[in-house]
Each structure stands twice: as structure tokens, then as C-alpha cells.
Amino acid sequence: MSGTVIKPLRLAVLASGRGSNLQALIDASESGRMDGKVALLLTDNPNAYAIERAKKHDIPFRIIERKDFASRQAFDSAFADAVEESGVDIVALAGFMRIISPSFLSRFPGKVINVHPSLLPAFPGLDAQKQAFEYGVKITGCTVHFVDEGVDTGPIIIQSAVPVLPEDTVELLSARILEQEHIIYPKAVTMIARGEALPPEKFLARMNGLVS
Ligand code: GAR
């Protein structure tokens, strides 16, 4: 017998809202298109539709709200503790609308990934699709990347380009970008599982040294 055995990755997904990328990861896992499985949903928003999606697929979820913690640091630690307890291999941000702190990253160096609706490094931050549309670019898209301490920065794993069409609106463009996000996010997980996407050494060293 030959060939490498691929170990499916266990993922914790962090989402704050509708959770369509969470759904894409669940669907890709259930249909065998992704070498990974969603083992946990963590959210900061008790009203996130992502919770309904997790329930429907019997995925454990935890709600950790900022208001229940005296400091930002204690809140971040609660998230990191929940991730650690679950023993997952990868933390996948999917519309998680909070900045990940250096102390969180230092506990999971090179293991946190994010999907963003632009061709990074162009248009980081909020409303990336609108930023691209208003700038007047002819091509935009989406990116999955390893997360560092910046906003939508860090080594790129995979991107998909989406043309801006003459008759586009921000809504139409966003919908076509989202379709691509749902394709590349599971692909990125599979690439990591197969050793085809590795966090660069220098990046890992930096993440390891963020805080102790
Ligand atoms: C997605 O478009 C994702 O790329 C974006 O939030 C949306 C979440 O949708 N994330 C960012 O802008 C991160 N900077 P979803 O809840 O349906 O997955």
C-alpha cells in the first residue's frame, strides 16, 4: 500500500452573523469535498444565524458575549480557552467581526485562517466589496489567508478573482464574490490538511513571539 494518509482537520469556526461560510464548510465536509470537519462554532453574537446552522447539523456551539467580561483581555482569553478545550487543529474566521488579539494568536500560531471579500492586500477592513466597487476596479475577488495581528493581513493561501461587470451593483457583485468564498474556503482547508499550504517559517516565528 502506498500514498499519504490525509488526516482530516478539525475546525473551530468563529462567526458573528449569517454564517454562509460556516455553511459552506459544513457542506463541503459532509459531502467529502473537504479534508476537514467543523467541530465547534464559537460566536460573540447570541442572535447570529450561524447558530441555527450549527444546530441543524448537530455541531456544538458556544456563545461568548463581550458584555459578560470585565475586560477585552478576559473576553479574548475565554475564546482562546474554548478553542483549546475543543482540541481543534484550525481556527477558521468566517465573518467574525472582531479583531483577533495578539494574545489569542500566540496561543495558536499559524493555525488561524480568515476569508475576506477582496483580493488582498487591496481593500482590507469593512465593506470590502463596496470599497472595490466605489474605487472602480475591474477585477476584485476574495482571499483566504493565515491571520496575523493586522486587519485582513497575513500570508495568502488562495484567492479567486471576480470581474466587476458594467451592470453591477454592490449587491450583485457581493453575491458573486460570496459564491467564490464558498468554493475557496473549503479548498484552503484541504490544502492545509494536505500540507500544500504551510505558514511561512518567518511568519510562524513572529506569531510565536507575539506574547507569552
Ligand atoms: C463574508 O463575506 C466574509 O468574507 C466577510 O464577512 C462575510 C461573512 O459572511 N468577512 C470580512 O469582511 C472579514 N474582514 P457569512 O457570515 O455569510 O459567512
Side-chain angles (χ1 to χ4, degrees), residues 11-30 33-34 36 38-57 59 61-65 76 79 90-102 104-105 111-135 137 139-164 168-189:
L11 314 181
V13 175
L14 270 57
S16 302
R18 72 187 161 182
S20 74
N21 277 289
L22 165 69
Q23 189 70 53
L25 293 168
I26 295 171
D27 292 346
S29 168
E30 289 184 351
R33 280 180 289 118
M34 178 174 81
V38 181
L40 175 69
L41 165 69
L42 288 177
T43 184
D44 59 331
N45 174 11
N47 301 313
Y49 188 65
I51 297 169
E52 304 311 314
R53 299 182 192 269
K55 281 184 185 164
K56 205 167 159 199
H57 293 266
I59 292 167
F61 66 92
R62 284 186 59 184
I63 305 167
I64 301 175
E65 286 186 78
D76 281 350
F79 263 93
I90 290 286
V91 178
L93 310 183
F96 187 62
M97 289 310 177
R98 288 182 182 271
I99 293 168
I100 297 292
S101 68
F104 183 100
L105 289 173
K111 303 221 177 293
V112 185
I113 60 176
N114 180 43
V115 63
H116 181 76
S118 75
L119 289 179
L120 291 171
F123 311 119
L126 289 177
D127 297 326
Q129 307 94 326
K130 185 161 173 260
Q131 292 183 54
F133 186 79
E134 288 181 352
Y135 193 95
V137 295
I139 296 176
T140 181
C142 49
T143 304
V144 180
H145 63 99
F146 291 107
V147 173
D148 68 9
E149 66 279 33
V151 175
D152 301 316
T153 53
I156 290 171
I157 299 167
I158 187 171
Q159 294 184 301
S160 179
V162 175
V164 182
D168 255 341
T169 59
V170 176
E171 290 70 29
L172 288 171
L173 177 62
S174 301
R176 291 203 314 285
I177 294 172
L178 193 63
E179 276 176 26
Q180 292 304 308
E181 292 183 43
H182 296 164
I183 294 170
I184 67 170
Y185 215 2
K187 262 192 195 165
V189 172

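Counting convention: from 1, in listed order, for ligands and their atoms alike.
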Atom CD1 of Ile99: over 12 foreign heavy atoms under 6.0 Å: no
What's the shortest distance from atom 16 (O) of ligand 1 to any protein heavy atom, and which residue and atom give it? Gly19 N, 2.8 Å
Quick one: which of Ser20, Pro117, Ala128, Ala24 has a heavy atom closest to atom 5 (C) of ligand 1? Pro117
Give a yes or no answer on whether the side chain of Ser29 reaches the backbone of Gly36 with a donor-acceptor pair at less than 3.5 Å. yes
Classify the contact between Leu93 and ligand 1 as side chain, backbone, both or neither, using a heavy-atom distance cut-off of under 4.0 Å. neither
Starting from atom 4 (O) of ligand 1, locate the nearest protein heavy atom and write down its residue, its atom name and how far away it is, to 0.1 Å. Glu181 OE1, 2.7 Å
What I'd like to find out is whether the side chain of Asp152 reaches to under 4.5 Å of the side chain of Asn114, using heavy atoms alone. yes
I want to know if ligand 1 touches Asp152 in the polar sense, i.e. an N/O pair below 3.5 angstrom. yes
Report the nearest protein non-hydrogen atom to atom 10 (N) of ligand 1: residue, atom name, distance rounded to 0.1 Å. Val115 O, 3.7 Å
Check contact between Gln23 and ligand 1, using heavy atoms of the residue and a distance below 4.0 angstrom. no
Looking at atom 8 (C) of ligand 1, what's its closest protein heavy atom, distance included? Gly95 CA, 3.6 Å
Rounded to the nearest 0.5 Å, what separates atom CD1 in Ile63 from atom CD1 in Ile51? 4.0 Å
Could you tell me, atom by atom, which parts of ligand 1 come under 4.0 Å of a heavy atom of Met97? 6 (O)
Decide whether Asn45 and Ser16 meet the rule of one side-chain donor and one side-chain acceptor closer than 3.5 Å. no
Residue, atom name and distance, where the atom is the protein heavy atom closest to atom 13 (C) of ligand 1: His116 ND1, 3.6 Å
Is there a donor-acceptor contact under 3.5 Å from the side chain of Arg53 to the main chain of Gly19? yes
Would you say Gln23 and His57 are linked by a side-chain donor-acceptor pair, where the criterion is simply a distance under 3.5 Å? yes
